[in-house]
J.: 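Quick one: the structure is below, questions incoming.
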Amino acid sequence: MLGPVTFETQRGPPDPLDLTSCDREPIHVPGSIQPHGMVLVADPGTLTIVAGAGDIEGALDPAWLGAKLDDLLGQSVSALLDARPGQTTIALSSVTGTHARFDAVARRSSTAIVVELEPAPAVMPSSIDMLFAMEEAATAFEQAFGLLQLCERAAETFRRLTGFDRVMVYRFLDDDAGVVVAEDRDPAQRTFLNQHFPASDIPRQARALYVRNRVRVIPDVGYEPAPLRPVGAPTLDMSDISLRSVSPIHLHYLANMDVAASASVSIVRDGMLWGLIACHHSVPRLLPLHVRMTCRALAGSLARQIRAKEDAELYRERIRLRTAEDAIVNGLGSDTGLTGFLADTGDEICRMMVADSFAAVRGDDIFVAGRAPSAEDVRRIAGHVGEAARVLPFSSDRLSEHFPPAIACRDLASGVLAVTMPTDDPTILLWFRAEQVQVVNWAGNPHKAHAGAPDVPLTPRASFAIWSEAVQGRSAPWKVHEIEAAGRLSQTLFDARQHRRLFEVNHALTATIADNESLLLQKDYLIKEVHHRVQNSLQLVSAFLGLQSREVGNATLTAQLTEAQRRLSAVAMVHRRLHSDEHLQAIDLARYIGDLCTEIGSTMGPAWDGQIQLELTPVLMPTERAVHLGLILTELLINANKYAYDGEPGPVMITLHQNRARLMLVVADNGSGKSGKREGFGSRMLAALVTRLAGTMEEADNRPGLRITISAPIVGA
């Protein structure tokens with residue numbers, strides 16, 4: 001009998017493994033482990049062993065099933081668990097088996113206690129030696145000149161630490177493909193330096209596990225999996241288990257690379273998978289627990305240095321752009337028109353963005369600086385990108401893919417950065433970058449990876465010979481700080497033009513100032529009247545809902561009416577922000593969320609004061625999308641109040657940050673966590689709003705509580 005343990009149950013015979021899509025392969029529940037170690041699964045309440053995998057009979061005790069975990073391991077596991085109530089992973093004392101000693105690690109969840117046992121090395125280095133080695137490596141990382149040298153030192157350090165034949169630093173690119181940026185290897189091994197690998201080589205669920213379980217080792221690619229026993233045991237989620245058996249597709253993939261043993265160490269920057277330390281060996285090789293823990297610690301140090309060096313480079317670029325902006329703005333004068341200003345500073349504006357040419361288009365007028373496309377081509381491109389650049393800057397390093405007519409001038413304008421100045425007749429500022437034909441060396445033909453019909457089982461790529469591809473129609477990519485600088489410069493020029501026009505208008509309208517003041521007063525009155533009427537209407541509806549909630553006499557209906565009031569507050573908040581802001585098309589999402597949380601917190605009562613904690617990064621978002629996000633946040637706060645704390649106050653952490661062109665909104669609580677599947681009106685509305693944003697919503701255990709992550713494009717398609 002398995003006892004009361006409640007794993008993810010599996011009814012009836014297991015379905016055949018679906019390998020028609022890498023993204024659907026259930027790699028977290030393989031049902032087996034790698035045979036160089038053992039796994040014991042115990043009931044969390046009684047610590048009775050209910051399942052296991054590996055050679056437990058030969059290495060520990062033939063009568064292991066049903067035994068107590070403390071008795072089998074010769075130590076008080078229960079005492080160690082009780083001494084660390086908030087810790088999910090606990091190192092145990094080494095276990096002496098029938099023929100060898102084993103390192104032991106216990107992991108606990110609400111459903112099981114899982115103990116992993118692996119062969120312990122015959123001789124352990126002293127902790128002082130390990131600390132000195134880690135300090136030396138961290139110092140080498142810190143003293144590296146630039147990101148490339150840092151990665152090269154990391155490859156050398158991890159090869160020296162692990163003893164593998166080949167160690168590579170593998171970086172993910174914006175399209176999720178990867179490139180080997182540094183390598184240290186035995187001269188007899190082939191090199192993969194600067195070679196690219198398609199995104200399909202590492203499927204989506206594998207990337208998620210790389211963030212969760214940051215050191216993975218396969219000591220012998222040719223191993224025979226050791227199944228979880230007894231037969232018919234419930235399915236065990238092995239996401240956090242180091243001994244988890246590996247996908248047969250991945251094992252075949254490694255065998256095709258002539259790799260007999262491998263290890264990977266995740267490089268995680270700000271919670272996102274930046275890259276991997278990939279280790280290969282030509283013969284089977286075990287990586288002991290203490291080496292894996294050292295690798296994990298060094299990977300954390302490496303990630304911090306990567307962030308420091310990337311941030312330093314970003315800071316230098318921002319300073320350069322700010323200095324260039326100041327020099328350009330100094331050329332503005334009250335007696336200088338926009339056309340004259342562009343004629344004087346066009347070349348500087350072009351150099352500021354490291355562009356090959358710059359153009360400004362306003363109606364039939366056009367200004368060009370640098371080696372630019374023809375006037376007709378510039379007008380066609382401006383007509384295509386002008387509307388997209390009306391709210392936020394538009395950028396592309398592969399213009400001909402979005403706008404096929406641009407193929408004719410891709411040698412001069414494969415990349416474009418555009419921003420629209422909201423003048424009477426819109427002025428479109430454009431920076432162009434010429435085509436850079438790039439030869440990309442792939443490890444095998446990426447276009448043949450996983451080819452075939454959708455229902456054909458997957459097979460890994462068999463060839464990793466260098467496959468060169470000439471990439472045409474692309475320019476050097478535009479960086480985020482360059483795009484921001486284009487928006488700032490456009491706003492500065494617009495403000496200067498408005499200032500000049502205002503100066504001229506003040507002289508021209510002296511005779512009619514009384515009429516103008518009257519018109520302005522009427523316009524202001526109308527705007528305020530519309531604003532007050534909308535706000536009064538929203539307040540009236542809110543008051544009506546509040547009155548109904550007090551008089552209905554039904555607790556369930558009262559709660560629903562209160563939720564409706566809070567949702568209405570989210571809409572009213574956006575309207576007030578629009579009325580007070582100068583920019584109607586886009587708003588600062590951080591300010592909006594801060595104001596919205598203050599208002600929602602006030603409706604929950606004084607006990608909620610200080611419970612909502614904010615960590616917000618400024619993100620400029622189109623107003624229409626911000627409304628949807630405000631309603632989503634309102635719904636999540638309502639759910640936290642209702643479900644996490646049963647209507648009582650409790651801490652809620654809200655985090656907002658930007659990752660490339662997407663935003664990440666995280667709402668986390670320390671409540672009771674998710675129980676069951678909710679399908680009420682709020683849940684359906686929440687799902688619909690996330691879909692409207694073309695976003696995703698993920699739920700995770702916050703230990704304790706629930707952590708919900710909303711990811712969505714900042715600008716819609």
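Below, all heavy atoms of this structure are taken into account, side chains as well, without hydrogens, waters or symmetry copies. Computed from a prediction, not measured in an experiment: that's the story for all the values here.
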J.: Are Asp103 and Pro121 close enough that some pair of their side-chain heavy atoms sits under 4.5 Å apart?
T.: yes
J.: Is the shortest side-chain N to carboxylate O distance from Asp270 to Arg307 below 4.0 Å?
T.: yes
J.: Suppose we screen for side chain to side chain contact (heavy atoms under 4.5 Å, CB included). Which residues come up paired with Ser32, at least two apart in sequence or across chains?
T.: Pro30, Pro225, Ser245
J.: Indicate the atoms forming the closest heavy-atom contact of Ser262 with His280, along with that distance.
T.: CB-CD2, 4.0 Å
J.: If we count only N and O atoms by modelled type, under 3.5 Å, do the side chains of Arg662 and Ser711 hold a donor and an acceptor together?
T.: yes
J.: Can you tell if the side chain of Ser266 reaches within under 4.5 Å of the side chain of Leu273, non-hydrogen atoms only?
T.: yes
J.: Minimum heavy-atom separation for Met38 to Leu243, with atom names?
T.: O-CD1, 3.4 Å
J.: Run the numbers on Arg707 and Asp701 for salt bridge (Lys or Arg N to Asp or Glu O under 4.0 Å), then give the verdict.
T.: CA-CA 6 Å; Arg707 178 185 182 89; Asp701 190 352; over 6 Å; no
J.: What are the two closest heavy atoms between Val167 and Ile277, and how far apart are they?
T.: CG1-CG2, 3.8 Å
J.: What's the shortest heavy-atom distance between His290 and Pro125, and which atoms?
T.: NE2-CD, 3.6 Å
J.: Working to the nearest 0.5 angstrom, can you tell me the gap between His36 NE2 and Ile218 CD1?
T.: 10.0 Å
J.: Counting only N and O atoms by type, is there a donor-acceptor contact under 3.5 Å from the side chain of Glu135 to the main-chain atoms of Ala137?
T.: no
J.: Testing Glu482, Glu313, Glu484 for salt bridge (Lys or Arg N to Asp or Glu O under 4.0 Å) with Arg318, which one passes?
T.: Glu484
J.: CD of Glu136 to CG of Leu131: how many Å apart, nearest 0.5 Å?
T.: 13.0 Å
J.: Could you give the distance from NE2 (His281) to CG (Leu286), rounded to the nearest 0.5 Å?
T.: 11.5 Å
J.: Evaluate the criterion side chain to side chain contact (heavy atoms under 4.5 Å, CB included) for residue pair Met272 and Phe172; output intermediate values, then yes/no.
T.: CA-CA 10 Å; Met272 305 294 292; Phe172 291 108; over 6 Å; no
J.: Before you tell me yes or no, could you show the steps for Met257 and Phe192 under side chain to side chain contact (heavy atoms under 4.5 Å, CB included), namely the whole-Å CA-CA distance, both residues' side-chain angles and the distance that decides it to 0.1 Å?
T.: CA-CA 11 Å; Met257 297 179 74; Phe192 286 101; 3.5 Å; yes
J.: Between Val169 and Val180, does a side chain to side chain contact (heavy atoms under 4.5 Å, CB included) hold up when you go through it step by step?
T.: CA-CA 6 Å; Val169 179; Val180 177; over 6 Å; no
J.: Taking the side chain as every heavy atom from C-beta outward, state whether Tyr170 and Val179 have any pair of such atoms under 4.5 Å apart.
T.: no
J.: With heavy-atom distances below 4.5 Å as the criterion, would you say the side chains of Arg207 and Asp176 are in contact?
T.: yes
J.: Hey, does Arg433 have a side-chain heavy atom less than 4.5 Å from the side chain of Trp478?
T.: yes
J.: Look at Glu401 together with Arg410 and state whether they make a salt bridge at an N to O cut-off of under 4.0 Å.
T.: no
J.: Any chance you could measure Cys279, atom SG, to Arg216, atom CZ, to the nearest 0.5 Å?
T.: 13.5 Å
J.: Any side-chain heavy atom of Ile241 within less than 4.5 Å of one from Val114?
T.: yes
J.: Roughly how far, to the nearest 0.5 Å, is the OG atom of Ser239 from the CZ atom of Arg107?
T.: 11.0 Å
J.: For a quick test of reading the model, state the closest non-hydrogen atom pair linking Ala261 to Val283 and the distance between them.
T.: CB-O, 3.6 Å
J.: Which residue in the set Val115, Leu72, Leu117 passes side chain to side chain contact (heavy atoms under 4.5 Å, CB included) when paired with Val95?
T.: Leu117
J.: Does a side-chain N-to-carboxylate-O contact under 4.0 Å join Glu118 and Arg292?
T.: yes
J.: In Å and rounded to the nearest 0.5 Å, what is the OG1 to CD distance from Thr709 to Glu699?
T.: 10.0 Å
J.: Assess Arg214 against Tyr210: is NZ or CZ under 6.0 Å from the centre of the six-membered ring, and within 45 degrees of the ring's axis?
T.: no
J.: Indicate every side-chain donor-acceptor pair of residues 143-158 with a distance under 3.5 Å to a residue at least two apart or in another chain.
T.:
residue : atom : partner : partner atom : Å
Gln149  : OE1  : Phe145  : N            : 2.6
Arg153  : NH1  : Ala140  : O            : 2.7
Thr157  : OG1  : Arg153  : O            : 2.8

J.: A side-chain contact here means heavy atoms from C-beta on lying under 4.5 Å apart; do Leu60 and Thr98 qualify?
T.: no
J.: Any donor-acceptor pair under 3.5 Å linking the side chain of Thr617 with the backbone of Leu656?
T.: yes
J.: If the threshold is 4.0 Å, N to carboxylate O, is there a salt bridge linking Arg269 and Glu310?
T.: yes
J.: Using a distance-only test with no angle check, is there a side-chain donor-acceptor pair under 3.5 angstrom linking Glu183 and Thr191?
T.: yes
J.: Walk me through it: do Cys295 and Thr162 pass the test side chain to side chain contact (heavy atoms under 4.5 Å, CB included)?
T.: CA-CA 8 Å; Cys295 287; Thr162 62; 3.8 Å; yes
J.: Grab the two heavy atoms, one from Arg244 and one from Gln34, that are nearest each other, plus how far apart they are.
T.: O-NE2, 3.4 Å
J.: Take atom CD in Glu57; do more than 12 heavy atoms of anything else shown fall under 6.0 Å from it?
T.: yes
J.: Quick check: do Phe141 and Ile306 have side-chain heavy atoms less than 4.5 Å from each other?
T.: no
J.: Among side-chain atoms of Ser282 and Asp165, is any donor-acceptor pair under 3.5 angstrom?
T.: yes
